[in-house]
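Here is the structure we will look at, set down as structure tokens.
Note that the coordinates shown come from a computational prediction; the quantities given were computed from them, not determined experimentally. We count ligands from 1, going down the list as the structure has it; atoms in each ligand are counted the same way.
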Amino acid sequence: MSETTERVIIIGSGPAGLTAGLYTARSEMEPLLFTGSEIGGQVNLTMEVENYPGFPDGITGPELVQRMQKQAERFGCRVVVDTVTEVKLDEHPFVVKTQSGKEHRCKALIITTGASPRRLGVPGEKELTGRGVSYCATCDGFFFRGKEVAVVGGGDAAIEEALFLTKYVNKVRVIHRRDQLRAHLALQQRAFKNEKFEFIWDTVVTAINGDQRVTSLTLKNVKTGEVSELPTDGIFVYVGHIPNSQLFEGRLAMDERGYLITNAMMQTSVPGVYAAGEIQDSRFQQVATSVGQGCAAAIEAEKFVAELEDRAYPGDTSPVSEEIK
Ligand code: NAP
């Protein structure tokens with residue numbers, strides 16, 4: 001049991017969390033930030049971020065994250081490599097327990113736990129993950145030098161990562177369940193012009209086959225019902241994300257997909273608990289929007305704590321906000 005009560009704890013170390021760390025540190029709230037198992041979140045797995053302002057030539061995801069961490073730490077943010085395993089939000093100060101067995105209390109909590117790649121959920125996927133099935137072209141693309149791979153999905157992530165893979169592979173087959181991509185037009189145009197691309201439309205993957213490694217995919221055309229087998233050396237899956245909100249089930253309001261519900265002030269259904277980035281944003285999911293949301297959450301958390309400290313400390317009540325209940 002901790003003896004001190006932190007002013008603010010931040011859960012998560014992606015762009016939203018590190019920005020919240022920077023802002024709360026600059027306002028002398030001495031934030032304590034738990035990184036989760038890896039610092040940086042999803043952007044850390046991105047080879048090139050081309051649309052974050054201030055970097056006209058682009059910047060790699062890992063470098064951007066390192067810079068954000070350094071900037072937050074410069075002002076006193078304590079970045080701790082530990083994973084939060086439990087939170088108690090029905091008492092105040094809130095309780096945050098971590099994998100290392102520590103228990104902390106805090107006046108305000110900022111949740112930036114992000115989202116994780118959605119799996120296809122087909123036979124062979126789990127067994128062959130790391131042996132030809134990947135969710136990260138940046139991490140694994142190198143291992144497919146000179147080979148042929150498939151990419152599943154038609155969104156920005158699928159096309160962007162497929163374009164990245166063309167640096168290494170001889171052929172990228174994009175398998176999409178419709179006959180139109182969801183990705184931005186600019187990305188589409190780059191893909192359509194690239195000779196290493198091939199598109200397999202109206203098709204889903206129903207099984208991933210191989211013994212020691214992926215050797216082929218079983219495909220089904222959703223319009224004709226035709227089943228076929230596609231030989232491939234690897235498959236990269238980009239079919240959207242699932243918010244990392246399991247810790248907050250039954251504790252915070254969330255939508256039917258598990259995204260935390262916040263108001264315009266980034267407040268969740270419990271006053272003093274804020275959320276920013278992809279844990280509460282299924283719409284924009286950009287580094288720039290996550291940074292903005294992390295900044296807003298930090299400013300609101302700071303106001304919340306300042307109000308608490310100006311008046312008598314309110315003890316253990318933490319009513320659910322009427323506004324978004
Ligand atoms: P997304 O936009 O939700 O796209 C997911 C894709 O997977 C869609 O094409 C979807 O098909 C397909 N899909 C979903 N479930 C499937 C299933 N079970 N089987 C087969 N296909 C399935 O996800 P995302 O590409 O990861 O992007 C998420 C967000 O991040 C978006 O807002 C995106 O704009 C943003 N993002 C931006 C950039 C950038 O700006 N450079 C880069 C990456 C991501 P349908 O099209 O038929 O629904």
Legend entry - Distance-only side-chain donor-acceptor flag, E148 / T232, under 3.5 Å: no

Inset, instruction - Go through ligand 1 atom by atom and flag the ones less than 4.0 Å from a non-hydrogen atom of F284. - result: 32 (O)

Legend entry - Ion pair check, E302 and R7, cut-off under 4.0 Å: no

Inset, instruction - Indicate yes or no: does K223 engage D179 in a salt bridge with an N to O separation below 4.0 Å. - result: yes

Legend entry - Ligand-side contact atoms (ligand 1) for residue partner R178, heavy atom cut-off under 4.0 Å: 45 (P), 46 (O), 47 (O)

Legend entry - Aromatic centroids of F94 and H104 separated by under 6.0 Å: no

Legend entry - Ring-face cation contact, Y168 with R145, 6.0 Å cut, 45° max: no

Inset, instruction - Give the numbers and elements of all ligand 1 atoms closer than 4.0 Å to a heavy atom of Y238. - result: 6 (C), 7 (O)

Inset, instruction - For atom 29 (C) of ligand 1, state which one of H184, R119, Q285, Q180 supplies the nearest heavy atom. - result: Q285

Legend entry - Heavy-atom nearest option to atom 25 (O) of ligand 1, drawn from G121, S282, A157: A157

Inset, instruction - Kindly confirm or rule out an N or O of G154 lying under 3.5 angstrom from an N or O of ligand 1. - result: yes

Inset, instruction - Using only heavy-atom distances, determine whether the side chains of N244 and S116 contain a donor-acceptor pair under 3.5 Å. - result: yes

Inset, instruction - May I ask you to list the atoms of ligand 1 that are less than 4.0 angstrom from any heavy atom of H176? - result: 9 (O), 11 (O), 45 (P), 46 (O), 47 (O)

Inset, instruction - Could you check atom 21 (N) of ligand 1 against the protein and tell me its nearest heavy-atom contact, residue, atom and distance included? - result: V239 CG1, 3.4 Å

Legend entry - Atoms of ligand 1 close to G240 [distance to a heavy atom under 4.0 angstrom, numbered from 1]: 5 (C), 23 (O), 26 (O)

Legend entry - Aromatic plane relationship, W201 with F199 - under 30° parallel, 30 to 60° tilted, over 60° perpendicular: parallel

Inset, instruction - Within a distance under 4.0 Å of any heavy atom of H241, pick out the atoms of ligand 1 and give their elements. - result: 26 (O)

Inset, instruction - Using a strict cut-off of less than 4.0 Å between a Lys/Arg side-chain nitrogen and an Asp/Glu carboxylate oxygen, indicate whether R78 and E6 qualify as a salt bridge. - result: yes

Inset, instruction - Using a 4.0 Å heavy-atom threshold (strictly under), name the region of N51 that reaches ligand 1: side chain, backbone, both or neither. - result: side chain

Legend entry - E160 neighbourhood, listing ligand 1 atoms whose heavy-atom distance to it stays under 4.0 Å: 39 (C), 41 (N), 42 (C)

Legend entry - Check: T35/D82 side-chain N/O donor and acceptor closer than 3.5 Å: no

Inset, instruction - Please check if any side-chain donor atom of E229 sits under 3.5 Å from a side-chain acceptor atom of T218, or the reverse. - result: no

Inset, instruction - Compute whether any side-chain donor of one residue and acceptor of the other, for Q42 and H241, lie under 3.5 angstrom apart. - result: yes

Inset, instruction - Kindly identify the option in L120, D156, V174, V287 whose heavy atom sits closest to atom 19 (N) of ligand 1. - result: L120

Inset, instruction - Give the residue, atom name and distance (to 0.1 Å) of the protein heavy atom nearest atom 2 (O) of ligand 1. - result: R182 CD, 3.4 Å

Legend entry - Heavy atom of the protein closest to atom 37 (C) of ligand 1 (residue, atom name, distance): Q286 NE2, 3.3 Å

Legend entry - Residue-ligand contact R283/ligand 1, heavy atom below 4.0 Å: yes

Inset, instruction - Output yes when the distance from some N or O of ligand 1 to some N or O of G155 is under 3.5 Å, and no in every other case. - result: yes

Legend entry - Identity and separation of the nearest protein heavy atom to atom 11 (O) of ligand 1: R177 NE, 3.0 Å

